[in-house]
There are 2 protein chains.
Amino acid sequence: MPTDAVPEIVLERLPIYLRTLELLAREGKAITSSHELGERLGFSSAQIRKDLSYFGEFGKQGTGYNIEFLRAQLKQILHVDRVWDMALIGAGDLGHALAHYRGFEPKGFRLVAIFDNAPHKIGARIAHHIVQNVTALPQFIREQNIRVVILAVPAQVAQSVAAQLVELDIAAILNYAPPTLNVPPHIRVYNIDPVVGLQSMAYYL
Amino acid sequence: MPTDAVPEIVLERLPIYLRTLELLAREGKAITSSHELGERLGFSSAQIRKDLSYFGEFGKQGTGYNIEFLRAQLKQILHVDRVWDMALIGAGDLGHALAHYRGFEPKGFRLVAIFDNAPHKIGARIAHHIVQNVTALPQFIREQNIRVVILAVPAQVAQSVAAQLVELDIAAILNYAPPTLNVPPHIRVYNIDPVVGLQSMAYYL
DNA sequence: TAGATTGTTAATCGATTAACAATC
DNA sequence: TAGATTGTTAATCGATTAACAATC
């Protein structure tokens with residue numbers, strides 16, 4: 001019963017399933033079950049089967065799931081069976097860390113350029129990139145057909161940069177600035193904010 | 001109707017309310033309403049009133065909420081009306097970025113020490129910290145009574161470090177390693193994983 | 001007083017889980 | 001065949017929203 005408006009919460013579990021399948025594959029396993037996956041992740045097996053059923057039938061009764069097959073299917077569903085080029089905006093400490101992060105490429109994403117507006121940062125080398133002037137961003141995004149941007153700029157400029165990204169018809173923003181971006185609904189924003197995590201955990205302290 | 005097991009999802013919205021109140025205060029406003037807050041955040045006003053009602057009554061009919069008062073109340077509820085000392089484990093690029101991040105202190109958290117196990121990193125200076133040998137971690141945590149740890153280590157060592165933190169009775173872990181930490185339920189873990197965000201957004205690409 | 005907004009209840013909506021027929 | 005596990009339906013659980021009496 002393929003796609004009909006998949007709940008956001010299901011979409012956020014798929015990458016976790018995918019990662020677990022990759023782990024299992026690396027352990028040399030060929031077959032798994034909703035029960036085994038659930039055990040590993042602390043989810044119910046019913047939830048895993050239900051989540052997968054939004055996209056099709058991937059298992060065999062009595063047997064379970066072929067790990068390589070399900071993995072390939074999930075990659076297709078999530079559109080990470082290819083590599084998406086990303087631009088990073090912001091060459092501060094966080095930008096440095098993101099530029100050196102080795103975890104994007106094996107997951108379907110590749111950083112291809114870094115932009116900043118500070119004169120003393122432009123031209124600097126980070127990992128194998130040269131920081132470019134953010135004024136060059138629009139042309140770059142259009143010419144390279146960039147759909148995904150990582151935003152690692154200070155809070156004060158985040159909204160104005162986001163407005164620019166809207167103009168450029170960026171599809172997805174991974175936002176490390178405080179979560180106040182005001183963008184139209186067809187543009188996806190995923191907020192990463194350590195303070196929200198810390199403060200909500202502090203309730204239990 | 002004070003506390004009776006507050007849903008996790010409510011707890012994760014409180015920091016967002018708090019931040020918005022701080023923004024409103026900085027704009028010079030003294031009073032707000034569930035409607036105004038909801039508008040800003042894209043939440044329903046009913047949700048905001050419901051969320052707050054888990055903790056008490058903070059508004060006035062016909063008027064709304066006193067911003068400074070509600071802000072103080074939320075800080076108390078979240079236990080961020082004080083400053084929590086944190087230890088950072090991992091002095092890589094991400095560790096650098098976190099050590100330089102200015103956003104923790106005003107939100108109730110302060111980084112007080114950095115640990116790593118790599119000989120060439122130990123003794124190095126990051127921000128105003130000297131990187132310490134991770135073997136010194138247990139004593140430090142006990143003596144300084146640290147409850148909160150930021151984990152910014154490679155995936156392969158994350159679980160073994162986490163096991164150590166369990167021993168030390170750490171209460172909250174902000175985890176930047178891939179989300180596989182296996183800890184008892186009384187220890188809070190908040191996972192920060194950019195790949196989950198990117199991959200779930202990629203579905204719409 | 002008239003207007004506005006709270007806190008809360010009840011209704012609605014959506015997500016999770018239990019259960020099981022189908023079937024490998 | 002007997003045992004296991006899927007995909008799916010129905011039941012349950014929980015979260016969101018609508019509505020409104022209370023009241024500032």
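In the text below, chain A, chain B and the rest are named by the order of the sequence lines, each starting its count at 1.
- Of the side-chain N and O atoms in B:Ser44, none sit less than 4.0 angstrom from OP1 or OP2 of D:dT16.
- For D:dT5, the OP1/OP2 oxygens have no side-chain nitrogen or oxygen of A:Ser34 closer than 4.0 Å.
- C:dA19 atom C1' lies 17 Å from atom CD of A:Gln47, rounded to whole Å.
- When the nucleotides C:dT5, C:dT23, C:dC20 are ranked by their closest atom to the side chain of A:Gln61, C:dT23 comes out on top.
- Separating the NE2 atom of B:His35 from the P atom of C:dT5 is a distance of 8 Å, rounded to the nearest angstrom.
- With contacts defined as side-chain heavy-atom distances shorter than 4.5 Å, the pair B:Gln132/B:Ile122 does not qualify.
- Using a 4.0 Å cut-off between charged side-chain N and carboxylate O, A:Arg19 and A:Glu22 make no salt bridge.
- Base pairing analysis places D:dC20 opposite C:dG7; the two distances defining the Watson-Crick or G-U wobble pair are each below 3.5 Å.
- Nearest-nucleotide mapping onto DNA chain C: of B:Tyr65 and A:Pro7, the residue sitting toward the 5' end is B:Tyr65.
- At a cut-off of 3.5 Å, with distance as the only test, a side-chain donor of B:Tyr17 or B:Asp51 sits close to an acceptor on the other residue.
- Comparing A:Ala46 and A:Thr63 by the nucleotide of DNA chain C whose heavy atom lies nearest to each, the residue mapping closer to the 5' end is A:Ala46.
- Residue contacts shown for B:Ser45 are absent, as no nucleic acid heavy atom lies under 4.0 Å away.
- Residue A:Ile9 is classed as a sugar-phosphate contact, given heavy-atom separations below 4.0 Å to backbone atoms only.
- One atom, NZ of B:Lys50, and another, C1' of C:dT6, lie 15 Å apart when rounded to the nearest Å.
- Counting to the nearest Å, the P atom of C:dA4 and the CD atom of B:Glu36 are 15 Å from each other.
- Ranking C:dT16, D:dG7, C:dG7 by closeness to the A:Arg13 side chain, first place goes to C:dT16.
- The CZ-P distance, from A:Arg49 to C:dA18, rounds to 11 Å in whole Å.
- Nucleotide D:dA15 forms a pair with C:dT12, judged by Watson-Crick or G-U wobble geometry with both contacts under 3.5 Å.
- The nearest whole Å value for the distance from the CG atom in B:Asn66 to the P atom in C:dT5 is 15 Å.
- Side-chain contact between B:Leu52 and B:Leu70 is present, with at least one heavy-atom pair separated by less than 4.5 Å.
- Distance CD (B:Glu8) to P (D:dC13): 21 Å, rounded to an integer number of Å.
- Computed from coordinates, the A:Ile48 CD1 to C:dA18 C1' distance equals 15 Å when rounded to whole Å.
- Along DNA chain D, the nucleotide closest to B:Phe43 and the one closest to A:Leu52 are compared, and the more 5′ of them pairs with A:Leu52.
- No donor-acceptor pair under 3.5 Å is formed between the side chain of B:Asn133 and the backbone N or O of B:Ala136.
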